[in-house]
Amino acid sequence: LAFFAHQPERAERLIAEALADEDPWVRAATRMLRAAMAENDGDVATMRLDVDRAFSEFEEIGDRWGLATVLSIRAQLQTLDGDLTGALLSFERAAEHLDALGAHSDEAYTRMRTATLRMRLGDVDGARRDVDEFRASNELGGFGELFSLGIRGLLAAQEGDVGTVREIRAALLEAEDDSRRRHRSQDHERALVLTILVLLDIELGELDEASTLAHDAYAAARATHDQPILANQGTTTARLIQVLGRDELAAEVLGACARVRGAEDATDLTITAVRESARIVLGDEGFEVAYRRGWDLDRDAAVARIDPASLELTRGPSEPEPAAAAGPGQPRRR
């Protein structure tokens, strides 16, 4: 509660007290909690230390719930490290524990995480199977429905199915308008929907709409106080800037996103698209110099740098009109 109330010093004090508890389960759960908090803050080093130890402690205790939760956090680390096969295995093992517990809703959400990993691996059919399994779980809430709808939209974009992308974009816009009017506190939901909408608009060539939504997406992501979510939104802004022909600035924003996240995420499809296209224009050295400018910022400066309000989201002077969508993860041809 102290963490969610943005009282970090109080949270740290309570964690220290819990880590001194004589109950091994309390100690393991506290390490797991600190790892989750570190992920939220973009503190990858602390995540690594706590995840491994919490996993060993929960394994000794034999607690399936603890193991499932820690494995999901470990999968996030493996994803950042580019070990997608290891991340898939961790999520699958987490799903097995959750199934044994009868926690089918949590297990279903794990399927959505594996779907995004399969997209990175180019396994479109596998990703679609995971989404279908999630939707067949009959435990979809509003957020779950939007999550699965968004992934279906990204899959359609990856396959070049423009008609389906437009249909899903319209459905997400309607859901976003409804969420904005009736559930203003659901910042995570809004950040997710708006970030996906920006990507879909970019793929459709609707760059003015993407620019408008990018500002709303950033505001929603900031309101979550969740650094990975904010960094994820920032990468869509970098993609938009790159499509607008401002590759050097896009590379810098990409570096700032990595600083906010606390690590690079080299297999992310949007990051891959920006990096590959920008390298074509800037060359390897030019890209690295621009990227490093963003990476070398401190956290607050990096957060400010990815704010669309501080960036001129307009087409570069020599930039042609955008070609048809290339699909997520594919560099736009020049």
Side-chain angles (χ1 to χ4, degrees), residues 2-4 6-9 11-12 15 30-55 69-84 86-87 90-91 113 116-117 120 187-188 191-192 195 217-239 241 250-275 278 287-308 310-311:
F3 174 75
F4 287 119
H6 311 299
Q7 299 174 9
E9 293 181 358
E12 290 175 8
I15 283 175
T30 302
R31 294 189 199 285
M32 180 186 68
L33 174 63
R34 187 166 64 178
M37 292 166 60
E39 178 189 17
N40 194 90
D41 287 338
D43 183 358
V44 175
T46 298
M47 281 179 68
R48 292 188 193 282
L49 292 174
D50 282 331
V51 162
D52 288 341
R53 190 160 179 182
F55 181 83
T69 307
V70 172
L71 281 165
S72 295
I73 300 173
R74 173 179 282 180
Q76 294 297 98
L77 280 172
Q78 291 169 313
T79 300
L80 292 176
D81 292 339
D83 180 11
L84 301 184
S90 291
F91 275 132
R113 309 300 290 274
T116 62
L117 288 176
R120 294 187 183 205
D187 295 311
H188 282 79
L192 169 71
T195 296
Y218 177 81
R222 279 293 304 271
T224 66
H225 300 279
D226 188 314
Q227 301 308 308
I229 285 180
L230 182 57
N232 184 51
Q233 186 282 320
T235 62
T236 66
T237 300
R239 174 65 167 160
I241 294 168
E252 182 180 339
V253 170
L254 211 59
C257 290
R259 172 57 61 202
V260 172
R261 188 186 302 106
E264 297 181 352
D265 188 5
T267 63
D268 178 270
L269 297 181
T270 304
I271 292 173
T272 299
V274 176
R275 183 178 61 246
F287 174 84
E288 293 298 337
V289 169
Y291 183 91
R292 182 60 58 179
R293 280 201 302 271
W295 173 260
D296 286 343
L297 296 171
D298 63 33
R299 172 67 61 78
D300 291 342
V303 169
R305 191 64 182 126
I306 67 177
D307 185 351
S310 69
L311 305 166

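The figures that follow rest on heavy atoms only: side chains count, while hydrogens, waters and symmetry mates do not. FYI, the numbering just counts along the sequence from 1.
- Put simply, OH on Tyr291 and CD on Glu288 are 8.0 Å apart, with the number rounded to the nearest 0.5 Å.
- Nearest heavy-atom pair across Ala263 and Val44 is CB-CG2, 3.9 Å.
- Distance check, rounded to the nearest 0.5 Å: CD1 of Ile73 to CG of Asp50 gives 9.0 Å.
- Scanning for ring pair (Phe, Tyr, Trp, His ring centres under 6.0 Å) contacts around Tyr218 gives an empty result, with sequence neighbours left out.
- A pairwise comparison of heavy atoms in Leu311 and Thr237 identifies CD1-CG2, 3.8 Å as the closest pair.
- Applying the side-chain contact (heavy atoms from CB on, under 4.5 Å) criterion to Asp83, with sequence neighbours excluded, gives Gln78, Thr85.
- Side chain of Thr224 to main chain of Ala221: a donor-acceptor pair is present (N/O by atom type, distance under 3.5 Å, no hydrogens or angles).
- Annotation: side chain of Asp268 is not in contact with side chain of Arg275 (no heavy-atom distance under 4.5 Å).
- Considering every non-hydrogen atom in both Cys257 and Gly234, the closest pair reads SG-C, 3.3 Å.
- Judged as a side-chain contact (heavy atoms from CB on, under 4.5 Å), and not counting sequence neighbours, the contacts of Ser72 are Phe91, Ala94.
- Residue Ala75 comes nearest to Ala87 through the heavy atom pair O-CB, 3.5 Å, listed as atom of the first residue, atom of the second, then distance.
- Here the shortest heavy-atom pairing between Ala304 and Ser310 reads O-OG, 3.3 Å.
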### Query
How far apart are the C-alpha atoms of His188 and Ile229, what are their side-chain angles, what is the distance that settles it, and do they pass the side chain to side chain contact (heavy atoms under 4.5 Å, CB included) test?
CA-CA 8 Å; His188 282 79; Ile229 285 180; 3.1 Å; yes
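- Environment of CZ in Arg120: crowded, with over 12 heavy atoms of neighbouring residues, nucleotides or ligands closer than 6.0 Å.
- Atoms CG and CZ, from Leu254 and Arg259 in turn, are 13.5 Å apart once rounded to the nearest 0.5 Å.
- Listed by chain and residue number, nothing satisfies the side-chain contact (heavy atoms from CB on, under 4.5 Å) test with Glu12 (two or more places apart in sequence, or in another chain).
- Atom-to-atom distance recorded for Arg261:CZ and Thr235:OG1 is 6.5 Å, nearest 0.5 angstrom.
- Rounding to the nearest 0.5 Å places CG of Leu230 at 4.0 Å from CD1 of Ile306.
- Listed here is the closest heavy atom pair of Thr79 and Asp265: O-OD1, 3.6 Å.
- For Glu252, the salt bridge (charged side-chain N to carboxylate O under 4.0 Å, His left out) criterion is met by Arg293, Arg305, not counting sequence neighbours.
- Counting only heavy atoms from C-beta outward, the side chains of Phe3 and Asp41 approach each other to under 4.5 Å.
- Note that CZ of Arg34 and CE of Met37 are 9.0 Å apart. Values are rounded to the nearest 0.5 Å.
- Side-chain contact check for Gln233 and Arg222: no donor-acceptor pair (N or O, by modelled atom type) lies under 3.5 Å.
- The side-chain heavy atoms of Val51 and Leu77, taken from C-beta on, include a pair separated by under 4.5 Å.
- For Arg299, there are no salt bridge (charged side-chain N to carboxylate O under 4.0 Å, His left out) partners, not counting sequence neighbours.
- A salt bridge links Arg74 to Asp52: at least one charged side-chain nitrogen sits closer than 4.0 Å to a carboxylate oxygen.
- The shortest distance between side-chain heavy atoms of Gln227 and Asn40 does not fall below 4.5 Å.
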